[in-house]
Amino acid sequence: MTQSYLELRQKTRERDRSLRDKVMSLEEAAKLVDNGASVALGGCTASRTPMAMLWALVRAQKQGLVVSRSIMSTEGDILYASGLSQHVITSWFSQGIVWGVSKVMRAYTESKRATFEEWSHMAMGLRYRAGAMGVPFMPMRSMMGSGVVDRAPGAKTMECPFTGEQLLLVPALNPDVALIHVQRCDAYGNAQLDGLTFMDIDIAMAANKVILTTERIVSNEQMRRHPDQTKIGFFTVDAVVEVPFGSAPHECYGLYEPFYSHMDLYAQMTAKDPDKGAADYLARFYHEPKDWADYLSRIGMAELLDAQRRGSGIYDD
Amino acid sequence: MTQSYLELRQKTRERDRSLRDKVMSLEEAAKLVDNGASVALGGCTASRTPMAMLWALVRAQKQGLVVSRSIMSTEGDILYASGLSQHVITSWFSQGIVWGVSKVMRAYTESKRATFEEWSHMAMGLRYRAGAMGVPFMPMRSMMGSGVVDRAPGAKTMECPFTGEQLLLVPALNPDVALIHVQRCDAYGNAQLDGLTFMDIDIAMAANKVILTTERIVSNEQMRRHPDQTKIGFFTVDAVVEVPFGSAPHECYGLYEPFYSHMDLYAQMTAKDPDKGAADYLARFYHEPKDWADYLSRIGMAELLDAQRRGSGIYDD
Amino acid sequence: MTTEPVRTTPALAAVPAYTASELLGVMSARLLKDGQTVFAGVGIPLLAAILAQKTHAPGLTILFEGGVIGPFVEAGKLPPSTNEQRCTRRANMLVSITEVLLMLQRGYVDVGFMGGAQIDRYGNLNSSFIGDADNPKIRLPGTGGGNDIASLADMIVAMKHEKRRFVEKVDFITSPGFIEGGDSRAKAGLPAGGMFRVVTDLGIMGFDAQTRAMTVVALHPGVTPQAIKDNTGFDLPVPSDVPVTEVPSDVELAILRELDPARLYTA
Amino acid sequence: MTTEPVRTTPALAAVPAYTASELLGVMSARLLKDGQTVFAGVGIPLLAAILAQKTHAPGLTILFEGGVIGPFVEAGKLPPSTNEQRCTRRANMLVSITEVLLMLQRGYVDVGFMGGAQIDRYGNLNSSFIGDADNPKIRLPGTGGGNDIASLADMIVAMKHEKRRFVEKVDFITSPGFIEGGDSRAKAGLPAGGMFRVVTDLGIMGFDAQTRAMTVVALHPGVTPQAIKDNTGFDLPVPSDVPVTEVPSDVELAILRELDPARLYTA
C-alpha cells in the first residue's frame with residue numbers, strides 16, 4: 001500500500017515542475033484524472049470543497065476513484081451516487097450535524113454497495129503529512145485502544161526506541177491526484193489561501209498531481225509581491241482552472257458562505273428515498289446544466305447573492 | 001535525553017496558557033531563564049536573531065545554557081565568549097561565508113573549552129518539529145552514511161515496518177526556553193512573522209517556555225482582524241518584550257538588513273586574537289552600555305539608518 | 001437549515017422553562033473554568049463553550065477542529081460544523097486541522113468537550129456503528145476529531161440520557177474512554193487524558209478513580225435517582241448524598257437563545 | 001564585508017581575463033538546465049544559479065535553504081548567506097527551513113548545488129573537521145544544509161582544485177557522496193541522489209557508473225591532464241579524448257561582475 005521511496009521519487013521526477021502556464025478548462029482538467037485513481041480532496045466539510053471539479057468528473061463519467069478527505073459532506077454522497085467512487089477514506093461523513101446522518105451514505109454503506117474507510121481526523125492529517133514529507137509513516141498518539149484502529153488498514157503500533165512508549169505509526173498517503181479549490185492563484189499554480197487551510201498544504205505536497213480550481217487567476221507579479229502568502233507552490237501544480245463559485249453550494253472563506261437553502265433542498269430530496277433523491281439531484285444539477293454558470297443558475301441567483309453577502313461579512317467589524 | 005510523554009504533558013499543564021498580558025522588560029524576561037537551561041534561538045544565521053534577549057542574558061551573567069539553533073552566526077561566538085554557554089547544537093556555525101570561518105568558534109572548540117554539537121540542518125528542523133508535535137522522534141532520510149550521524153547523540157536507524165527501507169529517527173527537542181524575535185505581536189504573545197519564518201513556529205510549539213522580543217507591540221484587536229496571519233499563538237508564550245532593532249546587528253525582515261559595517265568590525269576585532277577581541281567586543285557592546293539604546297548608539301546612528309534603508313527596500317519594485 | 005421539534009424528556013416535564021438541549025448546554029458550560037483551553041466539538045459543546053465565555057469564563061480559550069484558536073462566535077451565526085468561516089470570527093489564530101489536533105497531542109489543551117451518540121460504563125463513545133461493525137444496522141458519521149480529542153484530553157461529554165445511549169458496552173469504541181476500566185487505557189497506549197464528566201439532561205456523571213466505572217456526581221432539579229437508573233442501560237451508582245444542580249438561570253437561557261435563535265442545536 | 005585578494009591558479013596564469021572563481025561560476029552555471037529545480041548553497045552556487053537564470057535558463061527554479069522558492073536576486077545585492085531577505089527578492093514562495101529541506105526529501109528537487117572544502121575520490125565532502133574529528137586541527141563551520149542536499153539530490157559541487165582539497169579519503173564525511181563506491185551509498189540508507197559533477201577551476205569531473213570513482217569529463221582551456229593530476233591527491237583518470245570547455249564569454253563575465261560588483265564571491 002505504501003509506495004517505496006524510489007517509486008515515489010520516480011513519479012515526481014517525471015513531472016514537469018517548471019514555472020509554466022497551466023490554465024485549462026474544467027473538461028480538460030477532468031482528463032487528467034484516470035479511472036481508479038486515488039484522489040484527495042481539499043477543504044473540509046462544507047468549506048472550499050472542489051465541487052466544480054467533482055461536477056466535471058461526474059459529467060466525464062469517471063469511475064472507481066478511491067477518494068480521501070479530512071471530513072466528507074454532501075460531496076461524499078455525490079461520489080457514491082454518481083458512481084465516481086465506491087470507496088472513501090475519511091474521519092467523518094454526513095452532510096453536517098444540523099442535517100443529521102446522511103441518508104445516502106447510510107444507503108450505500110449499509111447495503112455494502114460502497115465502503116467508508118474510517119480513520120481518526122488527526123490520522124488523516126498525519127497520513128497526508130507523511131506523504132508530503134517523503135517518509136513512509138508518521139508516529140502518533142491517538143486511535144490506539146479504539147475500534148477505529150482495528151479497521152484502519154495499515155496502521156501499526158511500535159514501541160518507541162527512545163522512551164519505550166507505545167506509539168501508532170500511520171502510513172503515508174500520496175494520492176495520485178489532489179483536487180483543491182482556492183481563493184486565488186496565478187497561471188503557474190502559486191496559490192494563496194485565506195482563512196482556514198485545513199489539510200490542503202500537506203495534500204498538495206503529498207500528491208503526485210494537483211488540479212487547482214480557483215475563484216480568480218491573478219498575475220505572477222501579484223504573487224511575487226507577497227511570497228510569504230503563497231501557500232501552495234507552483235512546482236506541485238499540474239492544472240489551474242478558473243471557476244467562480246467553484247465550491248458552491250459549500251463555502252469559500254471570505255467570499256461566500258454555504259448556500260443553506262440549497263443544502264436544505266438537498267437534504268429534503270434525499271431524506272425519504274436516498275437513491276431516487278440523489279439520482280434526481282444529479283440529473284437536475286450535474287447532468288442537465290449546459291455549463292457551470294447554468295449549474296449556478298439552477299441553484300439560483302438569490303441564493304448566490306445571499307451566500308456572497310454572508311461570506312464577505314467575515315471581515316466586517 | 002528525550003522527555004517522557006507524561007513529563008512533557010505535566011510541564012505544559014503547569015503553564016498558565018490563558019490570554020493575559022505578558023509584557024515585561026528585558027531584565028525581567030532574563031529572570032525566566034535558569035542557569036543550565038536548554039535554550040532554542042529563533043531566526044537563522046544573521047536573520048531575526050534574538051540578539052537583545054541574549055544581550056540581556058549576558059548582562060544577567062547567566063551560565064551553562066545548552067543552546068540550539070538552525071544555524072549560528074556571531075551570536076554563537078557571543079555565547080561562548082560571554083560564558084553564557086559552552087555547548088551549542090546547530091548545523092553550521094560561523095559568522096557567515098563572506099567572513100570566513102569564525103575565529104572565536106575555532107578557538108573555543110579546538111581548545112575543547114566548548115562543544116559544537118553538529119546535526120544536519122533538516123535534522124535540527126525535524127527535532128524541533130517532533131517536539132512541536134508531541135512525539136518522541138521524527139523519521140528522516142538524510143544524515144545516514146555520514147560522519148555527522150555517528151557524532152549526533154541519540155539518532156537511531158530503523159527498518160521501516162511499511163517498506164523495509166532504512167530510516168533515521170531523530171529525537172524530539174523540547175527546549176526549556178525558546179527566544180524568538182518577531183516583527184510584531186500583541187501583549188498576549190500572538191505574533192506575526194513577515195518573510196522567512198525559519199524554524200520559529202516549530203520552536204515555539206516545542207518549547208516549555210517562550211520569550212518573545214518584538215519590534216513593536218500591537219493591539220489584540222489588530223491580530224484578530226487577520227487571525228490567519230498569526231504565526232505564533234499566545235498560548236505558547238510566557239513573556240513579551242518590546243525592543244526596537246532587537247536583532248541588531250543582524251537583520252529583521254522588511255525592517256532592517258544586517259549592519260554590515262558593524263559585522264566587519266566584529267570580524268576584524270576577533271580576527272587576530274579571538275579571546276581578547278571577543279572580550280573587548282563584549283565589554284564595549286554588552287557590558288558598558290547603560291541600556292539597549294546605548295548599545296544601538298555604540299553601533300552607530302548612521303549604521304542603523306543605513307540598515308533600515310536597505311531593509312525596507314525588500315518591498316520596493 | 002431544518003430543525004427538529006422541541007423535545008421534552010419525561011424527567012423534565014415539570015420544568016418546561018427550558019428544553020433538554022438547553023439544560024445540557026447550561027450544565028456543561030458551567031463545568032468550564034476561566035483561563036482554560038477547551039477543544040469543542042460541534043453542536044452543544046460549541047454552544048456551551050460560547051455560553052461559558054459570555055458568562056463566568058471570559059478568558060476561556062476555545063479551539064475548533066477546523067483550525068480555530070480563541071474565536072468569539074457571533075450570536076445568530078452558529079456554523080453547521082466546526083470547519084466553516086463562522087467559527088473563525090474574531091479568532092486569535094487560525095492553523096491547519098492537523099496543527100490544531102497536534103495541540104491536543106502536544107498537551108496544550110485542558111479539556112476536550114464533545115457530544116455523544118452512545119456511551120458505556122467506562123466512558124467509551126460510539127459514533128461509528130449501531131450493531132455489528134461488519135454488518136451495521138446504522139452506519140453513523142464516524143469519529144471526526146472525536147477519537148483524537150478523547151485520546152489526548154480530559155473529557156467532558158454532553159448527551160441526552162436515554163437507555164439506548166447509555167449501554168453496558170458500546171457496539172464499537174470510536175472514541176476511547178477508560179476502555180475496560182482500571183489501567184487499561186494507559187496500557188492501550190493512552191497514558192494521558194481520559195473521561196472527566198458526562199453531562200446529560202438528567203444529571204452529571206463522573207468516573208471512579210480506581211475502577212474507572214461511571215458514577216453519578218449530581219442530579220438536575222426534579223430528577224430522582226430512580227429516573228436516572230431507569231434511563232441507563234447499566235448499573236449506575238447514585239450516592240445517597242448526591243447533590244442537585246442549580247436550575248439554569250434566566251441569564252444563561254437568554255444568552256443561549258440569543259446565540260441560537262433558529263434553535264439549530266437547542267431545540 | 002571584507003574581500004580576499006584576487007587569486008590566480010598556476011593553470012590560469014595564461015588566462016588573466018577572469019578569476020578562478022569566475023571560471024567556476026560560469027562553468028557550473030552552464031550545467032544547469034532550463035526548467036530544472038536547483039537547490040543552491042551560498043557563494044559560487046548562488047551566483048552560478050542566478051547567472052544561469054539570466055542566460056540560458058530563464059525558467060530555472062532556484063531554492064535557497066532559508067526557505068526561498070523561485071527568487072530573482074538583484075545585481076549588487078548578494079546576501080551573506082542563503083537565509084537573509086536579499087535571497088527572497090521577487091520569490092514565488094517562502095516557506096520554513098524545514099519545509100524547503102523536506103522538498104528535497106519529497107523529491108521535488110532536480111539538482112543540489114554547493115561548494116566544497118574537501119572532497120575525495122567517491123565524492124564525499126568534508127566541511128566539518130580538518131584532521132581527526134575528536135582532536136581537529138581546524139574546526140570548520142559544519143554541514144548546514146549540505147548533508148541533506150547531498151543525501152537527497154543529484155549533486156553539482158563547485159570548488160577550487162587543490163591537492164589539499166582533492167584527497168584520497170576525506171578526514172570526515174560531512175555530506176555523503178558515494179561513500180566507499182559501488183552500491184555503498186544505497187546500502188547506507190541513501191537510495192536516491194548522488195554526485196553528478198564536480199566543477200573546478202581546472203575542469204569538470206564525473207563519477208564512474210559502476211565503481212563510483214571520480215573521473216575527468218572535461219578540461220578547461222589551457223589546462224593539461226598533467227596539471228589536473230598534479231593538483232589532485234588521488235589517482236584521477238583523464239580520458240585521452242577528454243573535451244575542452246569553452247572559455248567564459250564576455251556576456252557571462254559581465255553578468256557575474258554586475259551581480260557581484262564588490263567581488264564577495266568572485267575575487
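Just so it is clear: chains get the letters A, B, ... in the order the sequence lines come, proteins before strands, and each one is counted from 1. Just so it is clear, the values below take in all heavy atoms, side chains as well, and ignore hydrogens, waters and symmetry mates.
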Report which part of [X] has an atom under 4.5 Å of a heavy atom belonging to chain A: side chain, backbone, both, or neither.
X         : value
Ile138(C) : both
Leu102(C) : both
Ala192(C) : neither
Asp171(C) : neither
Asn124(C) : neither
Lys137(C) : backbone
Ser81(C)  : side chain

Look up atom [atom1] in [X] and atom [atom2] in [Y], then write down how far apart they are to the nearest 0.5 Å.
X         : Y         : atom1 : atom2 : answer
Arg69(A)  : Leu79(A)  : CZ    : CG    : 9.5 Å
Tyr108(C) : Leu63(C)  : OH    : CG    : 12.0 Å
Ile180(A) : Lys231(A) : CD1   : NZ    : 13.5 Å
Asp202(A) : Arg129(A) : CG    : CZ    : 4.5 Å

Which one, [options], leads in non-hydrogen pairs under 4.5 Å with chain C?
options                                   : value
Arg310(A), His250(A), Met105(A)           : Met105(A)
Arg151(A), Met199(A), Lys112(A)           : Arg151(A)
Ala123(A), Ser73(A), Gly125(A), Cys252(A) : Gly125(A)
Val148(A), Val101(A), Leu193(A)           : Val148(A)
Gly195(A), Pro258(A), Ser120(A), Gly96(A) : Ser120(A)
Ile97(A), Thr90(A), Val149(A)             : Ile97(A)

Is it the side chain or the backbone of [X] that comes within 4.5 Å of chain C heavy atoms, both, or neither?
X         : value
Met140(A) : both
Met122(A) : both
Thr109(A) : side chain
Ile71(A)  : side chain
Tyr128(A) : neither
Glu165(A) : neither
Thr45(A)  : both
Arg48(A)  : neither

Closest-packed option against chain A by number of heavy-atom pairs under 4.5 Å, given [options]:
options                                    : result
Lys187(C), Glu99(C), Arg185(C)             : Glu99(C)
Val100(C), Asn135(C), Asp134(C)            : Asp134(C)
Gly142(C), Ser151(C), Gly144(C), Ser96(C)  : Gly144(C)
Thr98(C), Asp148(C), Val170(C)             : Asp148(C)
Ile149(C), Asn126(C), Val42(C)             : Val42(C)
Gly145(C), Pro136(C), Pro176(C), Ala133(C) : Ala133(C)

Do [Y] and [X] meet the salt-bridge criterion of a basic N to acidic O distance under 4.0 Å?
X         : Y         : result
Glu162(C) : Lys160(C) : no
Arg89(C)  : Glu84(C)  : no
Arg86(C)  : Glu257(A) : yes
Lys169(C) : Asp120(C) : no

Check: Phe113(C) ring centroid to Phe39(C) ring centroid under 6.0 Å | no
Strictly under 6.0 Å, is that where the ring centroids of Phe93(A) and Tyr80(A) end up?
-> yes
[atom1] ([X]) with more than 12 external heavy atoms under 6.0 Å:
X         : atom1 : value
Lys272(A) : NZ    : no
Gln210(C) : CD    : no
Glu180(C) : CD    : no
Glu258(C) : CD    : no

Residue from Phe178(C), Phe196(C), Tyr122(C) passing ring pair (Phe, Tyr, Trp, His ring centres under 6.0 Å) with Phe207(C) = Phe178(C)
Side chains of Glu251(A) and Tyr260(A): donor-acceptor distance under 3.5 Å anywhere?
-> no
